[in-house]
S.K.: 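Input: one structure, supplied below.
No experiment lies behind these values; they were computed from the predicted model shown.
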Amino acid sequence: QVQLAESGGGLVQAGGSLRLSCAASGLTFNWYGMGWFRQAPGKEREFVAAISRSGDYTEYVDSVKGRFTISRDSAKKMVYLQMNSLKPEDTAQYYCAADYYDYGADPRKYDYWGQGTQVTVSS
């Protein structure tokens, strides 16, 4: 049974930092590209960042470039999202997702999803 478990969300002031973690189990981790998405109340799910199976390639939505960094640790089956210089508009539920043999911004390509972790940025 595949499980993706996010953690690390919370309440932070604008300008602060958080590090989200996603623990993967039940899958061959190196076969999957990984992504982070977010959804704010009343809005559609939005792509945030993705990383290739090898970790050599990454992709970000323009609004987080230079502030967020995605990384992965294959030995630990973990993927991370380091979020710096947080803004109130980053407030959302953040989801980790796994894409078999690929990665990218299209949520329809992802095979497995976590339950999400809430990030709230106060102004």
Side-chain angles (χ1 to χ4, degrees):
Q1 181 181 359
V2 175
Q3 287 192 320
L4 301 176
E6 303 95 336
S7 61
L11 174 63
V12 64
Q13 288 190 331
S17 297
L18 283 174
R19 188 195 196 204
L20 304 185
S21 299
C22 173
S25 61
L27 53 73
T28 304
F29 189 66
N30 290 345
W31 291 359
Y32 289 82
M34 301 297 294
W36 286 97
F37 292 77
R38 64 187 179 187
Q39 188 167 18
K43 295 188 177 181
E44 292 190 355
R45 190 167 295 191
E46 175 190 33
F47 167 74
V48 177
I51 189 166
S52 65
R53 293 182 293 127
S54 66
D56 291 338
Y57 302 98
T58 58
E59 186 176 336
Y60 298 91
V61 67
D62 285 346
S63 61
V64 308
K65 285 180 180 177
R67 300 189 297 124
F68 290 12
T69 302
I70 188 171
S71 62
R72 64 188 292 160
D73 184 333
S74 292
K76 295 181 179 180
K77 296 187 177 182
M78 298 287 294
V79 61
Y80 306 100
L81 186 68
Q82 178 66 44
M83 306 187 295
N84 299 329
S85 303
L86 282 161
K87 304 176 181 180
E89 50 263 44
D90 294 319
T91 295
Q93 185 85 348
Y94 282 71
Y95 298 90
C96 172
D99 182 354
Y100 180 67
Y101 253 74
D102 204 349
Y103 74 105
D106 186 353
R108 298 171 298 178
K109 296 179 63 179
Y110 284 79
D111 303 286
Y112 302 104
W113 293 82
Q115 295 299 306
T117 185
Q118 178 67 34
V119 171
T120 302
V121 184
S122 63
S123 57

S.K.: If the test is side chain to side chain contact (heavy atoms under 4.5 Å, CB included), which one of Arg38, Glu46, Lys87 qualifies with Val64?
M.R.: Arg38

S.K.: Applying side chain to side chain contact (heavy atoms under 4.5 Å, CB included) between Arg53 and each of Tyr100, Phe29, Tyr101, report the one that passes.
M.R.: Tyr101

S.K.: Using atom types as modelled and distance alone, determine if a side-chain donor or acceptor of Thr91 lies under 3.5 Å from a backbone N or O of Thr120.
M.R.: no

S.K.: For the residue pair Thr69 and Tyr60, establish whether any side-chain heavy-atom pair is separated by less than 4.5 Å.
M.R.: yes

S.K.: Less than 4.5 Å apart, side chain to side chain, heavy atoms only: is that true for Leu4 and Met34?
M.R.: yes

S.K.: Would you call Asp62 and Lys65 a salt bridge, taking side-chain N to carboxylate O under 4.0 Å as the test?
M.R.: yes

S.K.: Treating Tyr110 as the side-chain partner and Gly104 as the backbone partner, does any N or O pair qualify as donor plus acceptor under 3.5 Å?
M.R.: yes

S.K.: Does Asp90 reach the side chain of Met83, with side-chain heavy atoms less than 4.5 Å apart?
M.R.: no

S.K.: Main chain of Gln115, side chain of Glu6: is a donor-acceptor contact present, judged purely on distance under 3.5 Å?
M.R.: yes

S.K.: Using a 3.5 Å distance criterion without hydrogens, assess whether the side chain of Thr28 forms a donor-acceptor pair with backbone atoms of Trp31.
M.R.: no

S.K.: Quick check on ring pair (Phe, Tyr, Trp, His ring centres under 6.0 Å): which of Tyr94, Tyr95, Trp113 does Phe37 satisfy it with?
M.R.: Trp113

S.K.: Of the non-hydrogen atoms in Ala105 and Pro107, which two are nearest, and what is the gap between them?
M.R.: O-CD, 3.2 Å

S.K.: Take Phe68 and Val48 through the test side-chain contact (heavy atoms from CB on, under 4.5 Å) and record every step on the way to the result.
M.R.: CA-CA 9 Å; Phe68 290 12; Val48 177; 3.7 Å; yes

S.K.: Are any of the side-chain heavy atoms of Met78 and Ser21 separated by less than 4.5 Å?
M.R.: yes

S.K.: Show, in sequence, the C-alpha distance, side-chain angles and deciding distance for Gln93 and Thr117, and conclude whether the side-chain contact (heavy atoms from CB on, under 4.5 Å) test is met.
M.R.: CA-CA 5 Å; Gln93 185 85 348; Thr117 185; 5.7 Å; no

S.K.: What are the two closest non-hydrogen atoms of Asn84 and Ser17, and how far apart are they?
M.R.: OD1-OG, 2.9 Å

S.K.: What is the distance from atom OH of Tyr103 to atom OG1 of Thr58, rounded to the nearest 0.5 Å?
M.R.: 7.0 Å

S.K.: Evaluate the side-chain contact (heavy atoms from CB on, under 4.5 Å) criterion for residues Lys109 and Asp102: first the C-alpha distance (whole Å), next the side-chain angles of each, then the deciding distance (0.1 Å), finally the verdict.
M.R.: CA-CA 8 Å; Lys109 296 179 63 179; Asp102 204 349; 2.6 Å; yes

S.K.: Where is the tightest heavy-atom contact between Ala40 and Ala92, given as atom of each residue plus distance?
M.R.: N-CB, 3.9 Å

S.K.: Within the structure provided, determine whether Val79 and Ile51 are in side-chain contact (heavy-atom separation under 4.5 Å).
M.R.: yes

S.K.: The test is side-chain contact (heavy atoms from CB on, under 4.5 Å); show your working for Tyr80 and Ile70 and say whether it passes.
M.R.: CA-CA 6 Å; Tyr80 306 100; Ile70 188 171; over 6 Å; no

S.K.: What residue pairs, at least two apart or across chains, pass disulfide (SG to SG under 2.5 Å) with a residue in residues 25-123?
M.R.: Cys22-Cys96

S.K.: For Gly8 and Leu18, which heavy atoms make the closest approach, and how far apart are they?
M.R.: O-CD2, 3.8 Å

S.K.: How many angstroms lie between atom CZ of Arg72 and atom CG of Asp56, to the nearest 0.5 angstrom?
M.R.: 10.0 Å

S.K.: Apply side-chain hydrogen bond (donor to acceptor under 3.5 Å, both in side chains) to Asn30 and list each qualifying residue two or more places apart in sequence or on a separate chain.
M.R.: Ser74

S.K.: Give a yes or no on whether the backbone of Ser85 and the side-chain of Arg67 come within a donor-acceptor separation of less than 3.5 Å.
M.R.: yes

